J.: 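The structure under discussion is supplied below as structure tokens; questions concerning it will follow.
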Amino acid sequence: MKTWVESTHAYPFPYIVSSLVLLNGGIKTNFASPRVLLFYMGFGQTALDNDNESPARRFQILDIAIEDKSALGALMSTESWEAAEDRCRRVTNLFHVEPQDPAFCGVLPAIFILVNTGIVLHHCFPVFGPQQSDVALDERSRGVLTNVQRICIKIMNFGFILRAPDDQYQPEPDVGTLFKRGTKWEWLQLKKWRWPPCDEPECDIENPHMMWVQFHALTG
């Protein structure tokens, strides 16, 4: 699961996390007290010991949440919390190196829980968003954030992989898949990928390109 999170599908997690924070009170609210991101995971279509099918499909995200540390009990012991704080500080220091990203708001700890196994993975993610005081999101903005979050998770669960676009002016990520060359898996971009339109009831943006433009406007 560590490789699936930290390498294979690393790129879209800041999108998912930033949306989750903004949809649940905003930046200042979620950094005002100790909060933890929760990812409830399940096994995917590829068995863990199968080296002939894409490792991108070994796990799937079942649900996500953000909770107060105090509500987690044994999931976040004193030792685990100290380790999480240290991990977050180290990642924060990386973002304070010039040039700084003005949309960077901080780093939150995360726990990945592989349901019904007792297996957990501790990690952390940067959060991006507006620096001003939290304001209530209108329904359209909530629809955009929810849709981007949902689409990213759906794409990951199907085993497709998001990457930073080659074109710096393209707002949406590139989408690809893994293919095996010899003993190594390599990423292959799907050039004819078609992003689905926003289908959240509150989101009236039919053009997926404009949905991503709006998403980046909301996340700084």
Side-chain angles (χ1 to χ4, degrees), residues 4-6 9-41 60-72 75-76 80-81 83-96 100-113 120-157 162 164 171-173 198 200-203 205 211-220:
W4 194 92
V5 171
E6 297 182 2
H9 289 290
Y11 184 76
F13 273 111
Y15 292 159
I16 296 169
V17 166
S18 298
S19 296
L20 182 63
V21 168
L22 292 174
L23 288 165
N24 288 273
I27 301 299
K28 290 190 175 182
T29 297
N30 284 288
F31 280 94
S33 60
R35 302 274 275 171
V36 179
L37 305 158
L38 298 176
F39 291 83
Y40 296 94
M41 307 292 293
Q60 59 180 326
I61 299 172
L62 304 178
D63 199 7
I64 59 176
I66 184 167
E67 296 284 355
D68 289 323
K69 177 181 82 73
S70 59
L72 299 182
L75 268 177
M76 187 59 81
S80 296
W81 180 249
E85 286 188 309
D86 180 64
R87 193 179 299 112
C88 288
R89 277 193 296 269
R90 285 187 277 113
V91 174
T92 298
N93 289 338
L94 295 177
F95 280 91
H96 285 165
Q100 295 185 23
D101 187 337
F104 172 69
C105 297
V107 180
L108 287 175
I111 302 177
F112 288 79
I113 303 164
V120 299
L121 170 70
H122 291 266
H123 196 53
C124 63
F125 292 107
V127 178
F128 300 92
Q131 300 288 343
Q132 66 267 27
S133 298
D134 294 334
V135 295
L137 295 170
D138 59 33
E139 291 301 311
R140 189 174 194 249
S141 297
R142 293 187 69 85
V144 169
L145 292 169
T146 301
N147 196 66
V148 166
Q149 181 187 99
R150 181 184 58 77
I151 286 178
C152 285
I153 291 174
K154 189 173 184 179
I155 287 173
M156 295 162 70
N157 286 350
L162 300 172
E172 63 271 19
C198 186
E200 291 295 315
E202 302 85 359
C203 178
I205 303 175
M211 179 193 70
W212 279 98
V213 169
Q214 182 66 24
F215 173 80
H216 289 300
L218 291 167
T219 55

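Note that the structure is a prediction, hence the values are computed from the model and not measured. No hydrogens, no waters, no symmetry mates; every other heavy atom, side chains included, goes into these values.
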J.: Can you check whether Val21's main-chain N or O pairs, donor with acceptor, with Asn30's side chain at less than 3.5 Å?
T.: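 Checked: pair present.
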J.: So which atom in Met211 and which in Val144 form the shortest heavy-atom distance, rounded to 0.1 Å?
T.: O-CG1, 3.7 Å
J.: Mind checking the CD1-CZ spacing from Ile64 to Phe112? Nearest 0.5 Å is all I need.
T.: 10.0 Å
J.: How far apart are the closest heavy atoms of Ser18 and Pro126, and which atoms are they?
T.: OG-O, 4.4 Å
J.: If I take atom CG from residue Leu23 and atom CG from residue Leu145, how far apart are they, to the nearest 0.5 angstrom?
T.: 5.0 Å
J.: Taking all non-hydrogen atoms of both residues into account, name the closest pair between Phe39 and Phe13 and its distance.
T.: CE2-CE2, 3.7 Å
J.: Restricting to side-chain hydrogen bond (donor to acceptor under 3.5 Å, both in side chains), what partner residues turn up for Arg89, sequence neighbours left out?
T.: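 Arg89 satisfies side-chain hydrogen bond (donor to acceptor under 3.5 Å, both in side chains) with no other residue.
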J.: Measure across Arg35 and Leu108 and return the closest heavy-atom pair with its distance rounded to 0.1 Å.
T.: O-CD2, 4.0 Å
J.: Using the test side-chain contact (heavy atoms from CB on, under 4.5 Å), find all partners of Cys124 that sit at least two apart in sequence or belong to another chain.
T.: Arg87, Cys88, Val91, Val107
J.: Please list, chain by chain and in numerical order, all residues satisfying side-chain hydrogen bond (donor to acceptor under 3.5 Å, both in side chains) with His123, sequence neighbours excluded.
T.: Glu6
J.: How many angstroms lie between CD1 in Ile27 and SG in Cys105, if you round to the nearest 0.5 Å?
T.: 4.0 Å
J.: Does Met76 offer a backbone N or O that forms a donor-acceptor pair with the side chain of Ser80 under 3.5 Å?
T.: no
J.: Start with the C-alpha gap between Ile153 and Gln149, add the side-chain angles, then the distance that decides, and say whether side chain to side chain contact (heavy atoms under 4.5 Å, CB included) holds.
T.: CA-CA 6 Å; Ile153 291 174; Gln149 181 187 99; 4.3 Å; yes
J.: Could you work out, with side-chain contact (heavy atoms from CB on, under 4.5 Å) as the rule, every residue matching Pro173, not counting sequence neighbours?
T.: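 side-chain contact (heavy atoms from CB on, under 4.5 Å) list for Pro173, sorted by chain: Tyr11, Tyr15, Leu162, Trp195, Trp212.
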J.: Who are the side-chain hydrogen bond (donor to acceptor under 3.5 Å, both in side chains) partners of Asp86, not counting sequence neighbours?
T.: Arg90
J.: Give the ring-plane orientation class for Phe104 versus His96, where under 30° counts as parallel, over 60° as perpendicular and anything between as tilted.
T.: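 Because their plane-to-plane angle is over 60°, the rings of Phe104 and His96 count as perpendicular.
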J.: So how far is it from His122 NE2 to Leu75 CG, rounded to the nearest 0.5 Å?
T.: 7.0 Å
J.: What's the separation between atom CD1 in Ile61 and atom NE2 in His9, rounded to the nearest 0.5 Å?
T.: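 It comes to 8.0 Å.
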J.: Of all residues at least two apart in sequence or in a different chain, which pass the side-chain hydrogen bond (donor to acceptor under 3.5 Å, both in side chains) check with Asn24?
T.: none
J.: Say you draw a straight line from OG1 of Thr146 to CG of Leu20; how long is it, rounded to the nearest 0.5 Å?
T.: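 One gets 10.0 Å once the value is rounded to the nearest 0.5 Å.
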J.: Tell me whether Asp68 contacts the main-chain N or O of Ser70 through its side chain, where contact means a donor paired with an acceptor under 3.5 Å.
T.: no
J.: Only one of Leu218, Val213, Thr219 forms a side-chain contact (heavy atoms from CB on, under 4.5 Å) with Phe215, so which one is it?
T.: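 The side-chain contact (heavy atoms from CB on, under 4.5 Å) with Phe215 is passed solely by Thr219 among Leu218, Val213, Thr219.
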J.: Might you work through the side chain to side chain contact (heavy atoms under 4.5 Å, CB included) test for Leu121 and Ile111, ending with a clear yes or no?
T.: CA-CA 6 Å; Leu121 170 70; Ile111 302 177; over 6 Å; no
